[in-house]
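One structure below.
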Amino acid sequence: MTRRLALAAVLPLLLAVSACGSSATPTPPPAATPSPTPELTPVPGGSTAASPVAAVSPPTQTDTEWGRIWDALPPSFPLPPDAVPTETGQGAASGSFAVGASASTTAAFLESALAGAGFSMESVEGPSEDGSFTLNAVGRDPGCLAQVRVVPLSGTTNVVVLYGAGCPFE
């Protein structure tokens, strides 16, 4: 009997709630008004293009004991696939990277990759007493020199690249 009383009390309440929900009509969102296009003031000697495109300039250069270098590497410079940029504090470099492979494996990879990118090996020095290698490469363009130092560290290998300022930055 208690169930019947509870059902009798709840049933009208459920009907009232469902009736309220179905009679409500949704209100459409307000119409968006487009913002006006700003008028541009002409600049003497400036471009007439509506959206100017900034020119991408090459990175800066630094003089080192080895010679003048770019302060970055172009995207076309070959690196091992797992190379992660690092900061070693060992002086100016075009790039410094940590690699998971051994120094000898990394040096062999870089020698082959540089040849594939159009560099020829001037010399490959190493392994030194500390297990490091130095690859000296000459690019296709006259005066394009690159030096790659491969140094084993605790559990990783450090690759430091000096990319000569005489090389194209592409």
Side-chain angles (χ1 to χ4, degrees), residues 29 32-170:
T33 49
S35 58
T37 304
E39 292 186 29
L40 300 176
T41 305
V43 176
S47 171
T48 58
S51 59
V53 177
V56 177
S57 60
T60 57
Q61 298 177 349
T62 299
D63 290 313
T64 67
E65 289 181 18
W66 180 78
R68 190 164 185 83
I69 62 169
W70 289 103
D71 292 332
L73 289 174
S76 61
F77 193 86
L79 291 169
D82 67 337
V84 176
T86 60
E87 288 292 326
T88 61
Q90 296 179 0
S94 301
S96 179
F97 305 89
V99 179
S102 70
S104 60
T105 300
T106 301
F109 172 88
L110 287 166
E111 185 176 357
S112 175
L114 284 165
F119 285 85
S120 57
M121 286 297 124
E122 186 176 80
S123 68
V124 177
E125 302 163 15
S128 299
E129 285 183 22
D130 64 355
S132 65
F133 293 82
T134 301
L135 289 74
N136 293 296
V138 178
R140 291 181 189 137
D141 294 350
C144 175
L145 302 174
Q147 184 179 77
V148 182
R149 296 182 210 137
V150 181
V151 182
L153 299 175
S154 150
T156 188
T157 298
N158 183 239
V159 175
V160 177
V161 181
L162 302 177
Y163 188 64
C167 297
F169 201 88
E170 312 170 330

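Bear in mind the structure is a predicted one, so any value in this text is a computation, not a measurement.
Here the closest heavy-atom approach between residue L162 and residue A93 is recorded as CD2-CA, 3.8 Å. Minimum interatomic distance between C144 and P168 (heavy atoms only, all atoms of both residues): SG-CD, 4.3 Å. Nearest approach of A107 to L135, heavy atoms of both residues: O-CD2, 3.7 Å.
Annotation: side chain of L114 is in contact with side chain of M121 (closest heavy-atom distance under 4.5 Å). Looking only at side-chain heavy atoms (C-beta outward), L145 and N136 stay at 4.5 Å or farther from each other. Using a 4.5 Å heavy-atom threshold, the side chains of L73 and Y163 count as touching. In this structure, the side chains of T157 and V151 stay at 4.5 Å or more apart for every pair of heavy atoms. At a threshold of 4.5 Å between non-hydrogen side-chain atoms, the residues S132 and P152 count as touching. Using a 4.5 Å heavy-atom cutoff, the side chains of T156 and N158 are not in contact. Taking the side chain as every heavy atom from C-beta outward, T134 and Q147 approach each other to under 4.5 Å.
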Next on the checklist: Under the criterion side chain to side chain contact (heavy atoms under 4.5 Å, CB included), I'd like the reasoning laid out for V159 against V148: C-alpha separation, chi angles, the key distance, then a yes or no.
Outcome noted: CA-CA 7 Å; V159 175; V148 182; 3.7 Å; yes
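Side-chain N or O atoms of W70 include none that pairs as donor or acceptor with a backbone N or O of T62 at under 3.5 Å. Between the side chain of S102 and the backbone N or O of T105, at least one donor-acceptor pair lies under 3.5 Å.
The salt bridge (charged side-chain N to carboxylate O under 4.0 Å, His left out) contacts involving residues 120-132 comprise nothing, where partners must be two or more places apart or lie in separate chains. Residue pairs satisfying the salt bridge (charged side-chain N to carboxylate O under 4.0 Å, His left out) criterion with at least one member in residues 63-72, sequence neighbours excluded, are listed as follows: D63-R68. Listed by first and then second residue, the salt bridge (charged side-chain N to carboxylate O under 4.0 Å, His left out) pairs involving residues 141-166 amount to none (not counting sequence neighbours). Pairs of residues two or more places apart, or lying in two chains, never qualify as ring-ring contact (aromatic ring centres under 6.0 Å, His included) while including a residue from residues 88-139.
Residues forming a salt bridge (Lys or Arg N to Asp or Glu O under 4.0 Å) with R140 (at least two apart in sequence, or on another chain): none.
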Atom pairs and distances, side-chain donor-acceptor, residues 75-83, under 3.5 Å, sequence neighbours left out:
residue	atom	partner	partner atom	Å
S76	OG	E170	O	3.1
D82	OD2	G100	N	3.0

